[in-house]
Amino acid sequence: MAAAFGRYHTAVVRGIPDSVRYDALIQAEQRDYVDVEKARQEHAAYVQALRDLGLKIVELPGAEDLPDCPFVEDCAVVCNGTALVTRPGHSSRRGEVHAVKKVLEEDLGLEVVHMVEDEATMDGGDVLFTGKEFFVGLSNRTNEAGARILAETFPDYSVTTVPIARGLHLKCFCTMAAPDVMAVGEGPEAQRAWQEIRARGDHKYAVLNIPDDGAANCMFVNGTIMHCAADEFPKSAKTFTSARLEYPRVQVPNKELAKVDGSLTCLSLLI
Ligand code: CIR
């Protein structure tokens, strides 16, 4: 039986290692160095926001040899009591999945499927679940074989692939802001993805166009929208404020980890 959309009881998060500053993967050619102490403060505010929404927090310790380990979303896709543990697209991130798998299986009692095929890759940041179907970004990190394994793991839902030519993941610029409402960045790649979703998805969604692509990464958790902070994305924060959405909202800071392409969704696995 499918749970109501956006209802969760537990969040898995992971601490920030010092190595995030120099060694985390980046898309930009020039590194803008993460202030690790500030990143930890922002992460704590994010975790507190989830706690305030009623979630139990399970925090894995950060690992210095895994600089991208705080981005736990990429390690698994969790839906209706089953977790598909992924095979991340970048080889430097493959070691992250072991601790995540252990906690999902042993501590949280989920049924775990592990993507082990050599040719399959997937980052959870490419997997958008609407409550009714999945969209999977085909990016540098996620491929067709990964999407096929997702479809086999969750046979109750259709899986539609969306090509991503630029940017890291589908959810970098397209997420669910509320039930049946998609937040989509106004940039060309985001809009292209939205046109694919609209044309090829099985269900209809309203769209909330967000001026900054990075701010279109928001979360709908237990009836509340978690979104970007006004001092980071003034125009986009205003869009969330003035949109006629019938849900309470909370702003969450994410300035530091955004420097290494971290977004709000990527910092937790919601169960
Ligand atoms: C990476 O490039 O893999 C990390 N620096 C950022 C991952 C962000 N993940 C996500 O948005 N789901």
Side-chain angles (χ1 to χ4, degrees), residues 11-36 39 42-43 46 60 62-78 83-97 100 115 121-129 134-143 146-147 150 162 164 166-176 183-185 187 189-190 193 210 212-219 226-228 232-233 252-270:
V12 176
V13 300
R14 194 159 186 181
I16 300 174
D18 292 339
S19 56
V20 80
R21 181 170 167 83
Y22 295 110
D23 299 330
L25 298 171
I26 50 164
Q27 296 290 296
E29 277 172 24
Q30 282 252 309
R31 185 176 291 274
D32 185 4
Y33 294 99
V34 172
D35 178 326
V36 178
E42 291 179 350
H43 192 253
Y46 173 91
L60 290 165
E64 288 301 334
D65 59 335
L66 299 169
D68 285 297
C69 69
F71 309 124
V72 284
E73 170 184 63
D74 293 322
C75 293
V77 177
V78 180
L84 172 63
V85 173
T86 61
R87 183 165 180 274
H90 197 285
S91 56
S92 73
R93 300 199 56 191
R94 302 243 163 96
E96 292 172 29
V97 300
V100 171
M115 187 179 278
T121 61
M122 173 168 278
D123 281 9
D126 274 315
V127 180
L128 175 59
F129 181 58
F134 283 102
F135 293 97
V136 176
L138 295 182
S139 64
N140 283 337
R141 302 288 179 87
T142 300
N143 64 15
L150 180 88
V162 179
I164 306 293
R166 283 161 197 260
L168 181 57
H169 295 131
L170 172 61
K171 281 194 288 187
C172 289
F173 41 63
C174 185
T175 58
M176 296 307 288
V184 180
E189 193 60 34
I210 304 293
D212 307 280
D213 280 358
N217 182 284
C218 62
M219 300 166 70
M226 292 172 64
H227 67 79
C228 62
E232 290 165 42
F233 294 108
V252 191
N254 183 41
K255 193 161 180 242
E256 291 306 317
L257 291 180
K259 294 174 180 172
V260 287
D261 306 311
S263 54
L264 296 182
T265 60
C266 72
L267 293 173
S268 56
L269 273 169
L270 302 178

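Start at 1 and go down the list; that is how both ligands and their atoms are numbered.
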Problem - Side chain to side chain, Val78 and Leu270, heavy atoms closer than 4.5 Å - result: no
Work out which heavy atom in [X] is nearest to a heavy atom in [Y]; give both atom names and the distance.
{"X": "Leu264", "Y": "Met219", "result": "O-SD, 3.7 Å"}
{"X": "Ser268", "Y": "Val13", "result": "CB-CG1, 4.0 Å"}
{"X": "Glu96", "Y": "Arg14", "result": "O-NH1, 3.4 Å"}

Starting from [atom], what is the nearest protein heavy atom, named by residue and atom, and what distance separates them?
{"atom": "atom 9 (N) of ligand 1", "result": "Asp74 OD2, 2.8 Å"}
{"atom": "atom 6 (C) of ligand 1", "result": "Val260 O, 3.3 Å"}
{"atom": "atom 10 (C) of ligand 1", "result": "Cys266 CB, 2.9 Å"}
{"atom": "atom 8 (C) of ligand 1", "result": "Asp261 O, 3.3 Å"}

Completion exercise
Going by the 4.0 angstrom heavy-atom rule, the piece of Lys171 near ligand 1 is neither
Practice task
Heavy-atom distances under 4.0 Å are what count here, so tell me which part of Asp68 touches ligand 1: side chain, backbone, both or neither.
Solution key: side chain
Handout entry: Arg166 atom CZ, neighbour heavy-atom count above 12 within 6.0 Å
Key = no
With atoms numbered from 1 as shown, which atoms in ligand 1 lie under 4.0 angstrom from a non-hydrogen atom of [X]?
{"X": "Gly125", "result": "12 (N)"}
{"X": "Glu73", "result": "10 (C), 12 (N)"}
{"X": "His169", "result": "9 (N), 10 (C), 11 (O), 12 (N)"}

Fill in the blank from the handout: To atom 1 (C) of ligand 1, the nearest of Gln27, Lys259, Arg141 on a heavy-atom basis is Arg141
Practice task
Report yes or no: does His90 have a heavy atom closer than 4.0 Å to ligand 1?
Solution key: no
Practice task
Compute the shortest N/O to N/O distance between Ser263 and ligand 1 and return yes if it is under 3.5 Å, no if not.
Solution key: yes
Problem - Euclidean distance, Met226 CE relative to Thr175 OG1, rounded to 0.5 Å - result: 11.5 Å
Problem - Residues Asp123 and Thr142: side-chain donor-acceptor under 3.5 angstrom - result: no
Handout entry: Set of residues satisfying side-chain contact (heavy atoms from CB on, under 4.5 Å) with respect to Glu73, sequence neighbours excluded
Key = Lys171, Thr265, Cys266
